[in-house]
Amino acid sequence: MFERFTAHARRAVVTAQEEARELNHNYIGTEHILLALLRHPDALPNEESAIAPAVLEEFGMSREGVREEVIDKVGIGKGKAKSGHIPFTPRAKKVLELALREALQLHHTYIGTEHLLLGLIREDEGVAVQIMRKHVDLLALRAAVLDRLPPGDAEEGALAAATGALMRRVRARHLPRRDGGEEQTVGATPATDATLARAAQLAGDAPVGSHHLLLAALADPDSAAARTLVGLGVDLDQARESLLAADVTGTTDEPPEEAGRRQMSLQVADETLTVVIVDPVNASARPVGEGPAGGTGETDAVDAGDSATTTVIRGDHPAAASLAAVWLELRKSLDKIANDASPSAAA
């Protein structure tokens, strides 16, 4: 996720640790992220000014004032300031995740200070948002941030939409509704959000398959999936090459319609067109009303061993009413084949 951060956003994350250390806190909370956003960053070459500090100052907030409020609310830590790495609290981690989600929803390919601020607002419970509520209406603050943002990239927007569609599919298929009929929400880590977006991009117009998901997950070497495979001795570069060349034919990643198409053939003899469909999954299932008693047609033994039989099911049988739609679609396909195929290919 951090590879998407702008220079200002990365500096804000580092500064949040400094703010925590200055207050002798052994954690980085939402309040430290807010303080970091209020610091005036040094000018960075070839990059626009950070949006979050400017918007917060428009609403009368300053680092000095907010720092006093933080001290009043949580105090200063006792003892010696902690050296080395300071961990983020669960709420602060959630802010980072929400910043990524905000960027995806806005169709942005980067995460800036503005997305961190939007993440703080959306978190809605931490010390930072409690302090901000004293100074400004959060909806007005969010609107002010959004007014300063550039339009998102159309392609990135399509990926965000695809990610959302994948999450809705997971929710609809695998999560039951609550008693009141409300759909459960599906939580997603930053790695999952990024993986789904990459998988949708890799798939293009094709359905997203398991190989796309795994390939996308391996794109981030710090994801849990990638680290686990490395721990098992898997060469990630080699795995990526194999996944890129993966053939889904005959696998459960092959779309059913493509698998079914491979089981069909058309036999043309004069005025007779015979459609032959091999169905290995349902080959052993008896058709509805099979046999003389069912009135579907004749059942004759075929000279292909003692176990093989052939059953003729007439299209005008009541149980075969759905074949009418099949026939219409088949006629369309046959007309297209006749128009597109060359004489040599049709022979």
Contact check, side chains of [X] and [Y], non-hydrogen atoms, under 4.5 Å:
{"X": "Leu139", "Y": "Ile121", "answer": "no"}
{"X": "Gln17", "Y": "His32", "answer": "no"}
{"X": "Asn24", "Y": "Lys78", "answer": "no"}
{"X": "Leu38", "Y": "Ser62", "answer": "no"}
{"X": "Leu34", "Y": "Val70", "answer": "no"}
{"X": "Ile28", "Y": "Thr89", "answer": "no"}
{"X": "Leu37", "Y": "Thr15", "answer": "no"}
{"X": "Leu56", "Y": "Val136", "answer": "no"}

Which residues pass the side chain to side chain donor-acceptor pair (under 3.5 Å) test with [X], sequence neighbours left out?
{"X": "Ser210", "result": "Asp253"}
{"X": "Glu19", "result": "Arg39, Arg63"}
{"X": "Arg67", "result": "none"}

**OP:** Please list all pairs passing the side-chain hydrogen bond (donor to acceptor under 3.5 Å, both in side chains) test where one or both residues lie in residues 223-235, with sequence neighbours left out.
**Re:**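 Every pair satisfying side-chain hydrogen bond (donor to acceptor under 3.5 Å, both in side chains) with a residue in residues 223-235: Asp222-Arg227.
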
Original post:
Counting N and O atoms only, with roles assigned by atom type, does the side chain of Thr30 sit under 3.5 Å from a partner on the main chain of Gly126, one being a donor and the other an acceptor?
Top reply: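 Absent.
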
Can you name the closest pair of heavy atoms from [X] and [Y] and give their distance?
{"X": "Ala99", "Y": "Ile111", "answer": "CB-CG2, 4.1 Å"}
{"X": "Ile86", "Y": "Ala20", "answer": "CD1-CB, 4.4 Å"}
{"X": "Gln130", "Y": "Glu125", "answer": "NE2-O, 3.0 Å"}
{"X": "Ala217", "Y": "Ala226", "answer": "O-CB, 4.4 Å"}
{"X": "Pro53", "Y": "Thr113", "answer": "CD-OG1, 4.2 Å"}
{"X": "Ala16", "Y": "Ala36", "answer": "N-CB, 3.5 Å"}

Find out if a path of hydrophobic residues (ILVMFWY) with successive side-chain heavy-atom gaps under 4.5 Å connects [X] to [Y].
{"X": "Leu117", "Y": "Leu96", "value": "yes"}
{"X": "Val248", "Y": "Leu214", "value": "no"}
{"X": "Leu98", "Y": "Leu106", "value": "no"}

[X]: partners by salt bridge (Lys or Arg N to Asp or Glu O under 4.0 Å), with sequence neighbours left out:
{"X": "Glu102", "result": "Arg122, Arg142"}
{"X": "Glu241", "result": "none"}
{"X": "Asp72", "result": "none"}

Subject >> Verdict with reasoning, Arg148 to Glu114, per salt bridge (Lys or Arg N to Asp or Glu O under 4.0 Å) >> reply: CA-CA 9 Å; Arg148 287 175 170 258; Glu114 58 271 34; over 6 Å; no

Original post:
Distance from Phe59 atom CZ to Asp137 atom CG, nearest 0.5 Å?
Top reply: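 Here the rounded value is 8.5 Å.
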
**OP:** State the CG-CD distance between Leu141 and Glu58, to the nearest 0.5 angstrom.
**Re:**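 CD of Glu58 is found 9.5 Å from CG of Leu141.
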
Sequence neighbours excluded, which residues qualify as side-chain contact (heavy atoms from CB on, under 4.5 Å) partners of [X]?
{"X": "Thr249", "value": "Asp247, Glu254, Arg262"}
{"X": "Ala224", "value": "none"}
{"X": "Glu69", "value": "Ile131, Lys134, His135"}
{"X": "Arg133", "value": "Asp124, Val129, Leu138"}

**OP:** Start with the C-alpha distance between Leu116 and His8, add both sets of side-chain angles, then the distance that settles side-chain contact (heavy atoms from CB on, under 4.5 Å), and finish with yes or no.
**Re:** CA-CA 11 Å; Leu116 289 173; His8 282 306; over 6 Å; no

**OP:** Could you check Asp147 against Val55 for side-chain contact (heavy atoms from CB on, under 4.5 Å), going step by step and ending with a plain yes or no?
**Re:** CA-CA 10 Å; Asp147 284 344; Val55 174; over 6 Å; no

Subject >> Reference residue Val14; test side chain to side chain contact (heavy atoms under 4.5 Å, CB included); the match among Arg11, Arg10, Glu18 >> reply: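 Exactly one pass, corresponding to Glu18.
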
**OP:** Tell me, please, which residues at least two apart from Tyr110 pass ring pair (Phe, Tyr, Trp, His ring centres under 6.0 Å).
**Re:**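 Partners of Tyr110 under the ring pair (Phe, Tyr, Trp, His ring centres under 6.0 Å) test: His108, His115.
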
